[in-house]
Amino acid sequence: MTEASGFALSSSLGLTLVVIFGLAWILFGWYLGRANKTHEDFALAGRNVGFALASATAMATWVTSNTTLVAPQLTYQFGIWGMVGYSFAALGLILFAPLAARIKRLMPNGYTSGDFIRLRYGQAAWWAFIVISVVYAFGWLVSLGMAGGILLEALSGLDYHIGMTAILIICVGYTLFGGLRAVIATDFIQALIIIVGVVLIAWFLIDTVSLESIHSEVQTNHPQLLDLLFPAAIMFLFNNIFFGLGEIFHSNVWWSRALAFKGNVAFKAYLLGGILWLPIPIVTGFIALAAPQLGIFPPSADMVGPMVAAEVLGKVGAVVVFIVVFSALASSLDSLLAATSDLVTRDIYHKKLKPQATDKHLLRFNRYSILGLGVLTWLFCLPQIATLGALLNFAGAFVASTIFPVVLGLYQRRLSGGYAALAMTLGTLCGLVGYFVIGFYVAALVSCSVSAAICGLGLLLSKQQFDWQQLDEQEESSL
Amino acid sequence: MMMGLTAFSALVIICLLLTACAPVILIGLWLKDFLSKQLW
């Protein structure tokens, strides 16, 4: 860290990096957006994304600020199981691979995950699902916006509000111009930046501090971090698996990609994306274990990763960390803006309010939605309300309740809408009780278990035989 | 039960090497799609 300011970068350098990256992404988004002629082009990149871009976007979107900031935080708190547990979230991507292929087959004209719930289960389940989706999307959007501000402030001393505002303006800008095509193309470049940056930081850390000395220091002064039978950490491991599954299985971020990928690409892309993602949290998480040895005791646990990297690698390290986390933030924020605006446009505006809306009208409304979501996120980010980890795990209570309704809805004809709605509602409520009464590390577990029990009951008692043809909804809007 | 140095080092190094392979795979796939005009 520089002695004069106490920060690894000067405020002016931090701001310069933001402006350079921001302009580059927005211009790139505008360039790609010229090919968007219809709402389908804008929302689903023409349903024609190839294997390379599909794999990169699956991986990069799942590498969020949480992978680069929260994985080190959890390692700092839970030790080995913190980073291994976080890496198990890759199962979400890997297990979504067959689901994505089936989604593409059953809903060749579908737009969103909300479409599926509405057509498969009806209105009651749709309402429960939309509430869960909106809470999750906002939790994630706010956590990403906050991470932008926290990152800039920790590394350069730039005011939290300026950093947070800058990242939101940039992501809203290029998503607005380029739609999903811009989101996916920037994801490819961001994926490369993230991986190369993470490898460089970890390599220099091992070279400078050595694995032996990190292990020795932790073993002497913080032995619980190496304890393979650390109870709360093991609970966290299982909780994180269900949380990751719930996040991916329900979120339109992943459904819209499955529908946007070329014919048989979805399965391969999610599988490869998951495999490529699997080792990353262990690499980012291990960085945090060097903190005690370096005498770093961060004011907020989610800043431990960037602070260690900046301490070991000096100014160059701080620039690399800055670019990596900035790319990770952007790759998730843009995806979330695009996918949530699709939900608002398709599920609420088109299907509920304006069924006769023209394609041009939908395209315009989709852009307004992106802008509106950006403004709302900015308002929620203004007060820095919680640490990233706490905010993230709160959402676990919501999303884990959707796992069984989604999976059974795709493969089982028997489960009816009433049971699906009850499973999501009661699962979420019980998950919230677990979150507040026991702790954040059981919220997803409780939510998923209750939902699974109700779905199991539904399969036993329900008499319906759903017709899969009903999922292939034909478009009503005209040009 | 504590994780020993050998297991800890192996875990970190293997994950680092796997992570380092990812850009090569992604760029290779991109080139293949680009040359066969299958990017979009």
Side-chain angles (χ1 to χ4, degrees), chain A residues 32 35 45-46 48-56 59-60 79-81 83-84 87 181 184-185 188 191-196 198-200 202-203 205-206 210-212 214-216 218-219 223-229 262 265 269 272 275-286 289, chain B:
Chain A
L32 289 161
N48 215 19
V49 181
F51 184 37
L53 293 172
S55 307
M59 196 222 80
I80 294 297
W81 282 126
M83 59 191 200
V84 173
S87 80
R181 201 181 294 271
I184 288 175
F188 184 84
L192 296 179
I193 292 173
I194 293 163
I195 302 167
V196 171
V198 163
V199 169
L200 275 178
W203 182 264
L205 186 65
I206 292 171
S210 91
L211 284 167
E212 287 85 352
I214 292 173
H215 185 269
S216 162
V218 174
Q219 193 171 31
Q224 78 281 5
L225 297 182
L226 292 172
D227 186 357
L228 297 175
L229 300 174
K262 267 183 193 163
V265 158
L272 182 64
I275 292 168
L276 294 181
W277 190 89
L278 185 76
I280 296 175
I282 294 180
V283 177
T284 57
F286 128 84
L289 291 178
Chain B
M1 191 171 69
M2 307 286 280
M3 183 180 242
L5 175 62
T6 310
F8 175 72
S9 303
L11 178 70
V12 173
I13 296 293
I14 288 169
C15 289
L16 187 56
L17 289 175
L18 287 174
T19 306
C21 290
V24 182
I25 295 169
L26 288 178
I27 291 171
L29 286 173
W30 186 88
L31 273 174
K32 185 171 169 277
D33 276 1
F34 179 73
L35 293 174
S36 56
K37 296 191 167 120
Q38 295 288 314
L39 272 181
W40 297 103

How close do [X] and [Y] get, counting heavy atoms only, and between which atoms?
X        : Y        : result
B/Met3   : A/Ile80  : SD-CD1, 3.5 Å
B/Leu26  : A/Ser55  : CD2-CB, 4.3 Å
B/Cys15  : A/Pro279 : O-CB, 3.5 Å
B/Ile25  : A/Leu272 : CG2-CD2, 4.2 Å
A/Lys262 : B/Gln38  : NZ-O, 2.9 Å

Look up atom [atom1] in [X] and atom [atom2] in [Y], then write down how far apart they are to the nearest 0.5 Å.
X       : Y        : atom1 : atom2 : answer
B/Cys21 : A/Ile275 : SG    : CD1   : 12.5 Å
B/Leu39 : A/Ile184 : CG    : CD1   : 11.5 Å
B/Thr6  : A/Leu211 : OG1   : CG    : 11.0 Å

Could you look at [X] and say if it's the side chain, the backbone, both or neither that has a heavy atom under 4.5 Å from chain B?
X        : answer
A/Val265 : neither
A/Phe51  : both
A/Leu289 : side chain

Item to check | Leading residue by heavy atom contact count with chain B [cutoff under 4.5 Å; candidates A/Ala45, A/Gly46, A/Pro223, A/Ala202] | outcome: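 Result: the option with the highest number of such pairs is A/Pro223.
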Checklist entry - Highest number of heavy-atom pairs under 4.5 Å with chain B: which of A/Ala52, A/Ala35, A/Ala54? => result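 Of the candidates given, the most pairs with chain B belong to A/Ala52.
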Checklist entry - Given that the side chain runs from C-beta out, which part of B/Leu17 has a heavy atom under 4.5 Å from chain A: side chain, backbone, both or neither? => result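 Contact with chain A: none, neither part.
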Item to check | Positions in residues 28-36 of chain B that reach chain A, provided some heavy atom is under 4.5 Å away | outcome: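 B/Leu29, B/Trp30, B/Asp33, listed by number.
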Checklist entry - Who among B/Ile27, B/Leu5, B/Leu18, B/Ile13 has the most heavy-atom pairs with chain A under 4.5 Å? => result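 The residue among B/Ile27, B/Leu5, B/Leu18, B/Ile13 with the greatest pair count is B/Leu5.
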Item to check | Residues which pass side-chain contact (heavy atoms from CB on, under 4.5 Å) with A/Val199, listed by chain and number, not counting sequence neighbours | outcome: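 A/Val199 satisfies side-chain contact (heavy atoms from CB on, under 4.5 Å) with A/Ile195, B/Leu16, B/Thr19, B/Ala20 only.
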Next on the checklist: Using side-chain contact (heavy atoms from CB on, under 4.5 Å), reason through B/Leu11 and A/Phe286 one step at a time and then give a plain yes or no.
Outcome noted: CA-CA 10 Å; B/Leu11 178 70; A/Phe286 128 84; over 6 Å; no
